[in-house]
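Throughout, numbering of the chain's residues begins at 1 and tracks the sequence.
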Amino acid sequence: MTTYYGLYGQKVQYLASDPTDVQIGQVWYNSTSATLKVRNATTSAAWSSGGALPAAREGMGGAGTQTAALGNGGANPGASNATLLYNGSTWTASPGNMNTARAYCATTGTQTAAITANGNPNPAANAYSTNSETWDGTAWTTTSSPSLPSGIRAASGISTAALMSGGYSNSGAQYNQTAVEAWSGSAWTNVTGLTTGRTSGQGGVGTQTTAMVMGGFSYPPSTYNTAVELYNGSTWTNLTSMNTGRRYHAASGSPSSALVYFGASAPGVSATSELWNGSTWTASATGATGRESVGGLGNSGTSTAALVFGGSVPPISSLTEEYAGAGTAQTQTVTVT
């Protein structure tokens with residue numbers, strides 16, 4: 001017997017937020033963002049528009065997944081202590097602000113359990129901090145501090161076992177830092193340093209004992225690094241270099257399957273991305289708006305579901321873009337022209 005649903009299908013749902021259990025071909029209206037959306041499968045990797053930040057910011061920390069992301073800190077132009085949460089379509093401000101406002105902090109973990117360290121409380125000056133804080137999904141708690149006043153470091157791991165690598169320091173040899181510090185959940189410890197020093201903007205994915213650092217900026221001379229290194233818990237090993245040197249970019253995934261995206265590449269900002277399969281790098285999809293000093297997901301994201309937010313074009317941006325790898329399900333906004 002033929003049914004109504006068999007002839008005409010189901011009605012379009014009217015929802016305050018995107019559903020979590022979505023099927024290919026499902027259509028709904030998101031009343032919060034006032035957009036009609038559809039779930040489909042990509043035939044090739046692609047970037048699509050996501051919900052904008054409440055305010056433009058660069059140098060934000062980031063963690064979590066594409067549908068449950070955390071963004072913290074940043075600057076425009078002064079440092080912010082704000083915490084933002086993303087549900088896959090909309091950013092909302094959390095009442096749990098950081099205790100120390102800062103830009104270019106290193107953040108890793110999930111939307112409900114993260115750690116952020118270092119950063120610059122005064123973006124107008126090179127005055128980096130040793131401050132460290134953990135996030136429990138509601139509030140930030142100040143912890144013991146890393147030994148190096150630094151910023152723009154690569155972060156990997158979880159809130160109780162993190163790794164912070166490279167960066168720019170206020171003390172000693174400021175440029176091309178090789179220093180790496182490990183967080184045990186209660187204290188920071190210096191561990192084996194990087195092979196290639198990086199001043200700023202390197203990406204990081206992985207765990208505290210299996211981490212990968214890629215790209216970054218070295219000075220002097222001014223060099224957009226293609227260098228990639230793998231950490232096994234005791235030593236760093238050089239891997240195949242990226243195709244394009246870049247800094248202030250984002251990364252998502254693991255040391256066996258990662259995506260590096262956006263950032264600055266000579267002579268300007270970039271919206272390109274590269275995929276790592278454990279042995280080689282391959283060019284992937286290009287986003288809509290090139291930016292540097294962007295926020296991303298790190299190791300809690302994947303190489304097929306990444307997120308980029310904020311950054312500087314210039315000017316400083318509030319844009320969010322979402323990445324879907326080839327053949328993966330993707331929520332897209334329906335537009336009519």
Side-chain angles (χ1 to χ4, degrees), residues 57-62 72-80 98 100-108 115-133 145-156 162-183 188 190-204 211 213-229 231 236 245-251 260 262-266 269 291-296 298 310-312 314 316:
R57 270 193 269 172
E58 64 176 346
M60 292 179 68
N72 65 296
N76 186 13
S80 170
M98 291 191 297
T100 300
R102 61 189 115 166
Y104 300 104
C105 47
T107 304
T108 188
I115 184 168
T116 192
N118 297 122
N120 191 345
N122 181 11
N126 291 324
Y128 289 90
S129 169
T130 58
N131 181 275
S132 172
E133 302 181 42
S145 298
S147 61
L148 189 69
S150 183
I152 328 175
R153 309 182 87 177
S156 57
L163 202 69
M164 305 292 179
S165 310
Y168 178 96
S169 173
N170 297 342
S171 62
Q174 294 183 341
Y175 302 111
N176 306 331
Q177 289 291 321
T178 60
V180 178
E181 297 184 63
W183 168 249
W188 292 93
N190 292 312
V191 296
T192 307
L194 295 166
T195 300
T196 301
R198 302 144 202 266
T199 294
S200 61
Q202 57 274 16
V213 170
M214 61 286 276
F217 187 72
S218 297
Y219 177 85
S222 297
T223 304
Y224 293 84
N225 270 317
T226 59
V228 179
E229 298 185 48
Y231 184 64
W236 291 91
R246 64 182 79 207
R247 69 170 184 176
Y248 295 130
H249 54 279
V260 171
F262 289 70
S265 299
V269 295
R291 287 165 275 159
E292 63 175 327
S293 302
V294 293
S312 176
I316 298 174

* Asked: Any donor-acceptor pair under 3.5 Å linking the side chain of Arg246 with the backbone of Phe262?
  -> yes
* His249 side-chain N/O to Gly203 backbone N/O, donor-acceptor pair under 3.5 Å -> yes
* Asked: So which pairs with a foot in residues 117-133 pass salt bridge (charged side-chain N to carboxylate O under 4.0 Å, His left out), sequence neighbours left out?
  -> Arg102-Glu133
* Structure fact -> d(Asn76 CG, Met60 CE) to nearest 0.5 Å is 11.0 Å
* Could you label the plane-to-plane angle of the Tyr104 and Tyr248 rings as parallel, tilted or perpendicular, counting under 30° as parallel and over 60° as perpendicular? => tilted
* Asked: So which heavy atom on Ser132 is nearest to which on Ile115, and how close?
  -> OG-CD1, 3.8 Å
* **Asn120 (side chain) donor-acceptor with Ala125 (main chain) under 3.5 angstrom** => yes
* Between Thr199 (side chain) and Ser218 (backbone), is there a donor-acceptor pair under 3.5 Å? -> no
* **For Thr226 against Gly245, the heavy-atom pair lying closest together** => CG2-N, 3.3 Å
* Structure fact -> The reported gap from OG1 in Thr223 to CZ in Phe217 (rounded to nearest 0.5 angstrom) is 7.0 Å
* Structure fact -> Rounded to the nearest 0.5 angstrom, the OG-CG distance for Ser169 and Asn118 is 9.0 Å
* Please name the pair of heavy atoms, one in Thr196 and one in Thr178, separated by the smallest distance, quoted to 0.1 Å. => C-CG2, 4.4 Å
* To do: Write down the atom of Arg198, the atom of Val228, and the distance for their closest heavy-atom approach.
  => NH2-N, 4.4 Å
* To do: Rounded to the nearest 0.5 Å, what's the gap from OG on Ser200 to CZ on Arg153? Could you check?
  => 13.0 Å
* Look at the aromatic rings of Tyr175 and Tyr168 and report parallel, tilted or perpendicular, splitting at 30° and 60°. => perpendicular
* Verify side chain to side chain contact (heavy atoms under 4.5 Å, CB included) between Ser312 and Val269, making sure each step is shown before the conclusion. => CA-CA 8 Å; Ser312 176; Val269 295; over 6 Å; no
* Indicate the atoms forming the closest heavy-atom contact of Pro149 with Tyr128, along with that distance. => CB-O, 3.7 Å
* Going from CD on Gln177 to OG on Ser165, what distance comes out if it is rounded to the nearest 0.5 angstrom? -> 11.5 Å
* Asked: Given the rule in the side chain to side chain contact (heavy atoms under 4.5 Å, CB included) test, do Leu194 and Val180 qualify, once you have shown the distances and angles that lead to the verdict?
  -> CA-CA 7 Å; Leu194 295 166; Val180 178; 4.0 Å; yes
* Interatomic distance, Asn190 atom CG to Leu148 atom CG [nearest 0.5 angstrom] -> 8.0 Å
* With sequence neighbours left out, write down each residue that passes side chain to side chain contact (heavy atoms under 4.5 Å, CB included) with Ser145, or none if nothing qualifies. => Thr130
* Side-chain contact test, heavy atoms from C-beta onward, threshold under 4.5 Å: evaluate it for Ser80 versus Arg57 and give yes or no. => yes
* Considering all heavy atoms of both residues, which atom of Gln202 and which atom of Ile152 are nearest to each other, and what is their separation? -> NE2-O, 3.5 Å
